[in-house]
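When reading the values below, keep in mind they use all heavy atoms of this one structure, side chains included, and skip hydrogens, waters and symmetry mates. Numbers restart at 1 for each chain; the letters A, B, ... are given by sequence-line order, proteins then strands.
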Amino acid sequence: MIDLKRLRADPDHFKRGARDKGIEVDIDRLLELDGQRRTLLAGQEAGRAEQKKLGKEIGPQIGALKRQLKEATGKDRTALQDSLRALEQRPLALKAEIQAYDERIAEIEPPWRHLWLEVPQPADPDVPIGGSPAENVEVRRWHPDWFDPARGFRSNKGFDPRTHLELVKDLKLVDFERGVKMAGTRQYVLTGDGMRLQQAVLRMALDLVAGEHGFTPMSVPVLVREECMVGTGFFPAGRDQAYHVAESQRGAGHDLFLVGTGEVGLMALHADEILDEAQLPLKYATVSTCFRREAGAAGRDTAGLFRVHQFEKVEQVLICRADEAESRRWHETMLGIVESLLKRLELPYRFVQCCTGDLGPKNADMIDVECWMPGRGDDDADGRPTGAWGETHSASRLYDYQCRRLNLRYRDAGGKTVFCHSLNNTVAACPRILIPILELYQNADGSITVPEALRPYMDGRERIG
RNA sequence: GGUGGGGUGGCAGAGCGGUUGAAUGCGCCGGUCUUGAAAACCGGUAGAGGGCUUUGCUCUCUCGCGGGUUCGAAUCCCGCCCCCACCGCCA
């Protein structure tokens, strides 16, 4: 969430930020509620201060009188009761006053809090302003010697490509029909070498980020409390995207939600903690199952492995000191890890600077990594796909937006508690990353060459099919 | 799932409903002493929000979380969450 002090000081900054991201939030209403709340709080606190003072003054007197009352009879009793009543008059009036404040605050706080959570983090000034992914800006690209996306598949490999959909069917790597039978649309079964290939990619990615780059590998819950989803910034905006396990309907005290990314478990791990500055940065990686409802994506990428409800992902997160330069450096470092993965896999890729409209509420900056997928894109005159870039990774820089929500802080050299900065980045998302691998490494005879970097994870095998 | 016990500061551990935001011990920080260190002694040691004459003073909230009783709740009542023990079930 954003810093309310900054919002009060410069509302236009946040209004602009929301507008640039195409997110509707009534900031004027939030400021109004905030002002009301602060006024009420001041009144409530003044009342309580007096109540405490009074309690110390006349509390012991009341206690003494009540003790006397127990033994007293007749006239004494009436007199004692009268003085008791007189003594209690002021605190009773105060009590009513404070309760009135409490009620009004209780009315205001839920909408105030909800609006506060909805205010997006403004994008950094160097993020291009735009409304849709079409306005994202390519930053750089790379391709191996043996495949230049600019030239088209045939001139690179000497034959026309099949799409990954055709390849997995021919080679029996995926069973879509039975996946759908069991679990509905966008479900699939990886079979045999399809599963082996996926495991090879995941393990290679985890070894890279954990083994070579010092990210601690973790296994974290994928079924979490709502607080984790709100804390990591996926709720309330992305509530529709998450599967909701309504355990409260069968008597449990709280519901659970299936995470859409391992980032949730890795980031929520340290919620409500105050870390030592010396512990930072925290570098974590996980391989986890991810669940997405894909609400609003009906009809988009329905065929194949591109957009599915359940998938496996190696994710890296980093929690560091609240220093812009440092978190920018880590962003580059994490992107560098992805780059080395894709170079080892020899997959043509490009980095894309996402525009404001593509960032989502929580990010100040986001770089997408796209791989060349020969089976995507428009068809040519012969009805063959011409290929297109497809998003496989996404690297976000969040400043302290996420850590504020998670209440995740550290104590700096001066002893102050400061919200940490956080970053996250895909290392490898499966089965999506299998698409460029299968399509680029396909051979004229319909087989797939196993990328060299994956062979150690595939019992040394050189081809599938 | 059943039964029982329990959640208090960095940790351990007290706390008849009334100056208890919290004794005591440990740890940590500063000081005295010392050639240096240890010991001993003295002092200080939670977080959040607000106000001001803004590096200090002051107010409010926080004893798992939420609600209730009360003039007043760490203390009494209710709900929830979590932990521990034993039993049952189980990869």
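- Between A:Tyr410 and A:His421, a ring centre-to-centre spacing not shorter than 6.0 Å is recorded.
- At whole-Å resolution of the value, NE2 in A:His254 and C1' in B:C82 are 10 Å apart.
- Pairs engaging residues 14-23 of chain A under the side-chain hydrogen bond (donor to acceptor under 3.5 Å, both in side chains) rule: A:Lys15-A:Asp28 [sequence neighbours left out].
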Which pairs would a plain distance check flag for residues 423-435 of chain A, meaning a side-chain donor or acceptor within less than 3.5 Å of a matching protein atom at least two apart in sequence or in another chain?
residue	atom	partner	partner atom	Å
A:Asn424	ND2	A:Glu263	OE2	3.2
A:Asn425	ND2	A:Met334	O	3.2
A:Thr426	OG1	A:Ser394	N	3.1
A:Arg432	NE	A:Phe306	O	2.9
A:Arg432	NH1	A:Glu391	O	2.8
A:Arg432	NH2	A:Phe306	O	3.1

Between protein and nucleic acid, restricted to nucleotides 69-74 of chain B and to nitrogen or oxygen atoms under 3.5 Å apart, what atom pairs and distances do you find?
residue	atom	partner	partner atom	Å
B:C71	N4	A:Lys66	NZ	3.3
B:G72	OP2	A:Lys95	NZ	3.4

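- By the 30° and 60° cut-offs, the orientation of the rings of A:His244 relative to A:Phe257 is parallel.
- Rounding to whole angstrom units, CG of residue A:Leu54 and P of B:C59 are separated by 15 Å.
- Take A:Ala325 and apply the side chain to side chain contact (heavy atoms under 4.5 Å, CB included) test, not counting sequence neighbours, and it matches A:Asp323, A:Arg329.
- Comparing the same atom, P, in B:C65 and in B:G1 gives a spacing of 24 Å after rounding to whole Å.
- A salt bridge between A:Arg463 and A:Asp193 is absent, with no side-chain N of the basic residue lying under 4.0 Å from a carboxylate O of the acidic one.
- Here the straight-line distance linking atom CZ of A:Arg321 with atom CH2 of A:Trp330 works out to 11.0 Å at 0.5 Å rounding.
- Using a 4.0 Å cut-off, no side-chain N or O of A:Lys53 falls inside it from OP1 or OP2 of B:C59.
- For the pair A:Glu109 CD and B:C61 C1', the computed distance is 11 Å after rounding to whole Å.
- A:Lys283 forms a cation-pi arrangement with A:Phe215, by the criterion of a distance under 6.0 Å to the ring centre and an angle within 45° of the ring axis.
- The salt bridge (Lys or Arg N to Asp or Glu O under 4.0 Å) contacts involving residues 203-221 of chain A comprise A:Arg203-A:Asp207, A:Glu212-A:Arg344, where partners must be two or more places apart or lie in separate chains.
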For every nucleotide of nucleotides 47-55 of chain B, 5' to 3': is a protein heavy atom under 4.0 Å from its base (B), only from its sugar-phosphate (S), or from neither (-)?
SSBSS----
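- Atom CZ in A:Arg225 sits about 14 Å away from atom P in B:C80, given to the nearest Å.
- Here the separation of B:A74 from B:G36, taken at their P atoms, is 49 Å to the nearest Å.
- Judged by Watson-Crick or G-U wobble contacts below 3.5 Å, the nucleotide B:C86 has B:G2 as its partner.
- In this structure, B:C28 and B:G44 make a Watson-Crick or G-U wobble pair, each of the two defining distances being under 3.5 angstrom.
- Using Watson-Crick or G-U wobble geometry with both donor-acceptor distances under 3.5 Å, B:A23 finds no partner in any strand shown.
- Of the nucleotides present, B:G18 is the one that pairs with B:C71 by Watson-Crick or G-U wobble criteria, both distances under 3.5 Å.
- Base pairing of B:C65: its partner is B:G79, meeting the Watson-Crick or G-U wobble criterion (both donor-acceptor distances under 3.5 Å).
- Between the P atoms of B:U62 and B:A37, the separation comes to 44 Å (whole Å).
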